[in-house]
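In each ligand, atom 1 is the first atom listed, and ligand 1 is the first ligand listed. Residues take their numbers from the sequence shown, with the count starting at 1.
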Amino acid sequence: MSDIQINIINKTYPAIEQAEAHTAIADLNLTLKSGEFICLVGPSGCGKTTLLNIIADLDNDYQGNIGLSQQSARPKIGYIFQNPRLLPWRTVRENIELVVDDPLSIHIIDSLLELMQLTASQHVYPERLSLGMSRRASITRAFAVEPDLLLMDEPFVSLDAPTARQVRALLLSLWQQRPHTVLFVTHDLREAIALADRIIFLSASPMSVISEISVPIPRAERHDETAIETFRQQLLNDYPAIKQLL
Ligand code: ADP
Ligand code: MG
């Protein structure tokens with residue numbers, strides 16, 4: 001897949017009843033390089049979910065252009081929403097099978113379930129799952145479409161720290177096995193440093209890019225919490241404006 005150019009001139013939610021019109025995004029330009037893991041960090045309400053919805057083609061009501069059209073075929077997009085959004089009347093496995101139209105992909109589902117440690121729970125209904133298991137099931141579902149671009153909207157919020165660490169490690173191992181572009185929204189600077197090739201810091205509404213940094217810590221050392229904390233402190237010293245975004 002080639003790079004994705006994002007150019008949003010304006011995204012305004014129209015006035016409805018008492019609420020005034022609200023410009024969520026203005027003059028946003030981003031390039032997502034093929035295979036890159038990008039984290040977006042910005043304050044609550046700045047327009048991150050709006051941006052992911054536009055990229056996923058769930059929202060066409062904006063001025064601008066998402067440069068997917070130059071691609072020979074439309075890239076396959078996996079979208080992991082902030083809430084796992086599993087269908088309650090389907091088992092874990094049935095939720096995943098729903099997004100896979102190729103019967104030959106059954107073996108992919110089996111191996112993903114295995115990797116995400118869900119094989120034993122595959123016939124369970126969502127209400128019986130812990131939050132961590134639900135998150136793993138929604139990640140498995142997004143990976144089952146074998147995406148070229150994976151959108152993740154604060155997917156690990158409200159997981160306890162050890163579970164979040166475990167799910168992050170599983171995510172990275174899936175990403176390394178099958179390279180694709182990832183756009184990952186988070187509030188947590190440590191999480192961004194642990195995951196990203198590049199972190200993009202976004203302003204409050206209307207959203208635009210404040211700064212971007214590449215994470216220099218080698219992949220093999222990303223589990224090292226001291227290295228992550230040292231880099232975090234360095235970032236906060238070098239870019240004091242970041243503190244207001246977290
Ligand atoms: P974030 O994901 O960064 O927290 P959102 O993209 O959800 O932010 O929202 C950006 C801004 O747009 C917020 O001020 C929010 O209130 C507003 N907004 C989001 N969705 C709608 C909508 N459907 N109608 C009107 N305003 C909206
Ligand atoms: Mg959001």
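- Considering backbone and side-chain N/O of T50, one or more are found under 3.5 Å from N/O of ligand 1.
- With hydrogens and angles disregarded, a donor-acceptor distance shorter than 3.5 Å links the side chain of K48 to the backbone of P43.
- At distances below 3.5 Å, not a single donor-acceptor pair connects side-chain atoms of R136 with backbone N or O atoms of V167.
- Taking backbone and side chain together, S44 holds no N, O or S atom under 2.8 Å from the Mg ion (ligand 2).
- A salt bridge links K11 to D59: one of the charged nitrogens lies within less than 4.0 Å of a carboxylate oxygen.
- In terms of polar-atom proximity, defined here as any N/O pair under 3.5 Å, A24 makes no such contact with ligand 1.
- Within a 4.0 Å radius of atom 26 (N) of ligand 1, the protein contributes at least one heavy atom.
- If you check which protein heavy atom lies closest to atom 8 (O) of ligand 1, you get G47 N, 3.2 Å.
- More than 12 non-hydrogen atoms from other residues, nucleotides or ligands lie less than 6.0 angstrom from CZ of R219.
- Among protein heavy atoms, atom 14 (O) of ligand 1 sits closest to H22 NE2, 3.2 Å.
- Under the 30°/60° scheme for interplanar angles, the aromatic rings of F184 and F37 are found to be tilted.
- T49 CB, 3.8 Å is the protein heavy atom nearest to atom 7 (O) of ligand 1.
- Residues N53 and Y79 bring a donor and an acceptor atom of their side chains to less than 3.5 Å of each other.
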Run the salt bridge (charged side-chain N to carboxylate O under 4.0 Å, His left out) check on D110 and R93 step by step: do they pass?
CA-CA 9 Å; D110 286 335; R93 188 177 185 100; 2.9 Å; yes

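- Under the 4.0 Å distance rule, the nearest protein heavy atom to atom 21 (C) of ligand 1 falls inside the cut-off.
- For R141 (side chain) and I80 (main-chain N/O), no donor-acceptor pair under 3.5 Å exists by modelled atom type.
- Considering each of A204, P43, G45, the one bringing a non-hydrogen atom nearest atom 13 (C) of ligand 1 is G45.
- Ligand 1 lies within reach of C46, whose nearest heavy atom is under 4.0 Å from it.
- For atom 24 (N) of ligand 1, the closest non-hydrogen atom on the protein side is Y13 CD2, 3.5 Å.
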